[in-house]
Amino acid sequence: MTTAPVSKKAPLLHRLPIIREYRKSVGLQRWMLLIGLIITALILLMAIFAPLIAPYGYSQLRDDSGAFGARVAPNAEHWFGTTVGGYDVLSRFIWGSQTAVLVMIMAVVLSLFIGVLLGLVSGYIGGWLDRILVVVADAIYAFPSLLLAIVMAIMISGGQSDMLGGILAAALSITVVFIPQYFRVTRAEVVRVKSEAFVESSKVIGASSGRIMFRHVLRNSTRTLPLIMTLNAAEAVLTLAGLGFIGFGIEPSSAAEWGYDLNRSIADVASGVWWTALFPGLAIVLAVLGLTLVGESLNDLADPRLRTRRASGGGKVQSTSVQAEQADAQTDADTGDEEARA
């Protein structure tokens with residue numbers, strides 16, 4: 001009597017979404033994803049440990065030896081120099097990452113929660129509610145994100161660019177602009193998933209609509225959301241910098257913000273003071289680049305037509321790809337078994 005082979009469950013680390021995508025990537029895709037993850041991780045670490053690694057406070061103008069001075073060139077005491085207002089550029093470079101991360105988290109979490117919830121309800125229930133939500137989502141696309149951010153900044157902070165008002169204005173503007181993306185993606189997946197056999201089986205055994213929506217349909221309708229989240233996070237950084245650059249950002253005494261520092265350094269460039277503009281601009285570029293590389297890599301890996309399979313390396317590359325696909329298939333099978341048992 002033969003015994004059916006027992007499939008070995010993939011380790012927990014290999015089942016993490018970002019690890020699964022990294023193992024599936026090859027060649028240029030893997031390097032893009034790796035570089036993006038490294039840059040993003042460094043910015044997150046810099047934001048978390050800003051109070052420990054920043055040499056001075058974001059609004060500090062002097063120390064025990066006296067005032068820093070304005071437009072001081074990079075030296076041993078101020079590695080990145082000082083601004084026209086006398087702030088230490090390195091300290092505001094580090095503290096600015098904290099502000100950017102706060103905006104990213106608020107914008108992504110709010111838009112994700114609202115957009116997914118509306119898409120789930122609209123796609124599953126349908127009818128007049130679905131038609132109204134689709135029309136509203138399409139109408140929001142007509143509003144430019146930066147213009148909406150300016151309006152939100154005025155409405156929320158009343159023209160006062162303090163830390164809370166600036167962060168809320170940028171986060172809420174991104175939330176409003178990108179809710180339709182989460183809504184439409186989730187709705188399309190829900191419409192597809194609700195016609196599957198396991199949903200019909202749940203209805204037959206008497207499961208409530210709420211249980212079916214959140215227990216079965218939702219968990220099978222969110223596979224493409226990580227890609228949208230990374231791209232939205234990059235857009236949040238750009239919108240925050242845009243608000244600060246045009247004067248609707250955060251005052252330097254309330255929080256460090258790269259866009260504001262970049263605006264204050266415009267006059268310095270013409271006079272040969274390069275360091276006040278270089279480092280805030282570099283911070284914005286690196287933050288957006290890291291998130292965009294991760295997002296584009298996830299997009300390529302999610303679409304089999306865009307995956308690159310290089311002939312160089314021969315069997316090694318193909319073997320790695322096949323192993324990754326087999327691991328993913330096994331993980332999906334394990335998930336399906338768990339759902340069936342539930």
task = List the steps and the verdict of side chain to side chain contact (heavy atoms under 4.5 Å, CB included) for Tyr260 and Leu243.
result = CA-CA 8 Å; Tyr260 177 88; Leu243 286 172; over 6 Å; no
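No side-chain heavy atom of Asp130 sits under 4.5 Å from any side-chain heavy atom of Ile125. In this structure, the side chains of Leu90 and His78 stay at 4.5 Å or more apart for every pair of heavy atoms. By the 4.5 Å heavy-atom criterion applied to side chains, Arg184 and Arg187 are not counted as neighbours. By the 4.5 Å heavy-atom criterion applied to side chains, Val294 and Leu33 are counted as neighbours. Looking only at side-chain heavy atoms (C-beta outward), Val89 and Asp261 stay at 4.5 Å or farther from each other. With a 4.5 Å cut-off on side-chain heavy atoms, Trp274 and Phe279 count as touching. Proximity of Val177 to Glu235: side-chain heavy atoms (C-beta onward) are nowhere separated by under 4.5 Å. By the 4.5 Å heavy-atom criterion applied to side chains, Leu238 and Ile284 are counted as neighbours.
Here CD1 of Ile38 is found 12.5 Å from CD1 of Ile43. Values are rounded to the nearest 0.5 Å. Atoms CG and CZ, on Leu278 and Phe80 in that order, are 8.5 Å from each other to the nearest 0.5 Å. For the atom pair CD1 (Ile35) and OG1 (Thr40), the distance works out to 11.5 Å, reported to the nearest 0.5 Å. Here CG of Leu133 is found 8.5 Å from CH2 of Trp128. Values are rounded to the nearest 0.5 Å. With rounding to the nearest 0.5 angstrom, the CD1 atom of Ile94 is 14.5 Å from the OH atom of Tyr58. Atom CG in Leu110 sits 8.0 Å away from atom CD1 in Ile179 (nearest 0.5 Å).
Ile140 and Val176 make their closest contact through CG2-O, 3.5 Å (heavy atoms, listed as atom of the first residue, atom of the second, distance). Of all the heavy atoms in Ala255 and Thr99, the pair that sits closest is CB-OG1, 4.0 Å. Closest of all the heavy-atom pairs between Val288 and Ala234 is CG2-O, 4.0 Å. Scanning both residues, Glu257 and Arg92, for their nearest heavy atoms gives N-NH2, 3.6 Å. Taking all atoms of both residues into account, the shortest heavy-atom contact from Pro55 to Asp88 is CG-OD2, 3.7 Å. The nearest pair of heavy atoms linking Gln98 to Ala50 is NE2-CB, 4.1 Å.
Asn232 and Tyr182 share a donor-acceptor pair across their side chains, judged by distance under 3.5 Å alone.
Looking at Lys194, its side chain never comes within 3.5 Å of a backbone N or O of Val217 through a donor-acceptor pair. When atom types are taken as modelled, the side chain of Ser111 and the backbone of Val108 share a donor-acceptor pair closer than 3.5 angstrom. The backbone N or O of Phe93 sits less than 3.5 Å from a side-chain atom of Trp258, completing a donor-acceptor pair. No donor-acceptor pair under 3.5 Å is formed between the side chain of Thr239 and the backbone N or O of Ala236. The backbone N or O of Leu262 sits less than 3.5 Å from a side-chain atom of Ser265, completing a donor-acceptor pair.
Taking hydrophobic clusters as Ile, Leu, Val, Met, Phe, Trp and Tyr residues chained together by side-chain heavy-atom distances below 4.5 Å, Val101 shares a cluster with Leu293. Criterion: ILVMFWY side-chain heavy atoms under 4.5 Å apart, direct or through other members. Under it, Ile48 and Trp95 are not part of a common hydrophobic cluster. In terms of hydrophobic clustering, with Ile, Leu, Val, Met, Phe, Trp and Tyr side chains grouped at heavy-atom distances under 4.5 Å, Trp79 and Val84 are assigned to different clusters. One hydrophobic cluster, built from ILVMFWY side chains closer than 4.5 Å, cannot hold both Leu42 and Phe49; they sit in different ones. No path of Ile, Leu, Val, Met, Phe, Trp and Tyr side chains, each step under 4.5 Å between heavy atoms, connects Val285 with Phe245, placing them in separate hydrophobic clusters.
Ring geometry for Phe68 against Tyr56 counts as tilted: the plane angle lies between 30° and 60°, on a 0 to 90° scale.
Considering Asp268, Thr82, Thr276 as possible partners of Arg71, the one that fulfils the side chain to side chain donor-acceptor pair (under 3.5 Å) test is Asp268.
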